[in-house]
**Student:** 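The structure that follows is given in the form of structure tokens.
Just so it is clear, the model here is predicted, and its values are computed rather than measured.
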Amino acid sequence: TQLLEQSPQFLSIQEGENLTVYCNSSSVFSSLQWYRQEPGEGPVLLVTVVTGGEVKKLKRLTFQFGDARKDSSLHITAAQPGDTGLYLCAGAGVSPNSNSGYALNFGKGTSLLVTP
Amino acid sequence: NAGVTQTPKFQVLKTGQSMTLQCAQDMNHNSMYWYRQDPGMGLRLIYYSASEGTTDKGEVPNGYNVSRLNKREFSLRLESAAPSQTSVYFCASSGRLAGVNEQFFGPGTRLTVL
């Protein structure tokens, strides 16, 4: 299993603040995805990064894939209460393995609370 | 276009009872997955089906069985439920476009085993 460590585990900030969450591994991934999960619902895909060094923007969210494709970060500018949720990163191995085939390896998530 | 649907949404079982969790997707995806999510443990893969007619074990398969009924449907069965199987269960599907495995999740089934 290729482990993904996410930090911080919990984050509570005020509306308008900026924040960055991290997703780190010692393994190389062919692609990495970020999901957001709201209470009582399933994870929803936000973005996929594939190329080392790649940067993608989704409104106030900026995602970066590390040059070595072992880590990623999510930066939120001017956070809003609607950004509250659990942020999960998930990596796909460089090749299918005998145990999990094409399945993703998920981090444990960063729980974000944005208060007005 | 409903995406991934799961039934039931909530279930309470007694130890030793059996049940089947149903999952269906309408995105014509080849691959389907079952995960469980527990506090502090993240999402853990139970079983997956890379394509219709195939199933394989994931990280935590003990106590579960699966059936890929057709391309749309993938069910998870608990033959003899145990309190350790109290969890939230998510089904997901993916089409592996251009080799990237983007997964789409259902709303989950919240299972309590007493």
**Student:** For the ring-ring contact (aromatic ring centres under 6.0 Å, His included) test, which of B:Phe90, B:Phe105, B:Phe104 pairs with A:Tyr35?
**Tutor:** B:Phe105
**Student:** Are B:Val66 and B:Tyr35 connected into the same hydrophobic cluster when the rule is that any two of I, L, V, M, F, W, Y join if their side-chain heavy atoms are below 4.5 Å apart?
**Tutor:** no
**Student:** Show your reasoning for whether side-chain hydrogen bond (donor to acceptor under 3.5 Å, both in side chains) applies to A:Gln33 and B:Gln103.
**Tutor:** CA-CA 9 Å; A:Gln33 293 153 31; B:Gln103 296 189 10; over 6 Å; no
**Student:** If you round to the nearest 0.5 Å, how far is CD of B:Glu102 from CG of A:Leu104?
**Tutor:** 9.5 Å
**Student:** To the nearest 0.5 Å, what is the distance between CG on A:Asn105 and CD on B:Glu59?
**Tutor:** 8.0 Å
**Student:** Scan for side chain to side chain donor-acceptor pair (under 3.5 Å) pairs involving residues 107-116 of chain A, sequence neighbours excluded, and state none if there are none.
**Tutor:** none
**Student:** Is there a path of hydrophobic side-chain contacts, each under 4.5 Å between heavy atoms of I/L/V/M/F/W/Y residues, joining B:Leu76 to B:Met32?
**Tutor:** yes
**Student:** Quick one: of A:Thr48, A:Leu45, A:Val44, who has the most non-hydrogen atom pairs under 4.5 Å with chain B?
**Tutor:** A:Thr48
**Student:** Okay, side chain of B:Arg110, backbone of A:Gly40: is any donor-acceptor separation there less than 3.5 Å?
**Tutor:** yes
**Student:** Report which part of B:Gln37 has an atom under 4.5 Å of a heavy atom belonging to chain A: side chain, backbone, both, or neither.
**Tutor:** side chain
**Student:** Mind checking whether A:Leu4 and A:Tyr22 sit in one hydrophobic cluster, side chains of I, L, V, M, F, W, Y counted as touching below 4.5 Å?
**Tutor:** no
**Student:** Examine whether an atom of B:Tyr47 lies under 4.5 Å from a heavy atom of chain A, and if so say whether it belongs to the side chain, the backbone or both; otherwise answer neither.
**Tutor:** neither
**Student:** Chain A: which of B:Gly108, B:Gly106, B:Gly40 shares the most heavy-atom pairs with it under 4.5 Å?
**Tutor:** B:Gly40
**Student:** A:Leu112, A:Leu46: one ILVMFWY side-chain cluster at the under-4.5 Å cut-off?
**Tutor:** yes
**Student:** From B:Leu43 CG over to A:Leu86 CG, what is the distance, rounded to the nearest 0.5 angstrom?
**Tutor:** 8.5 Å
**Student:** Hey, any chance A:Val21 and A:Leu32 share a hydrophobic cluster, counting ILVMFWY side chains that come within less than 4.5 Å of each other, even indirectly?
**Tutor:** yes
**Student:** Answer with side chain, backbone, both or neither: which region of A:Gln9 has an atom nearer than 4.5 Å to a non-hydrogen atom of chain B?
**Tutor:** neither
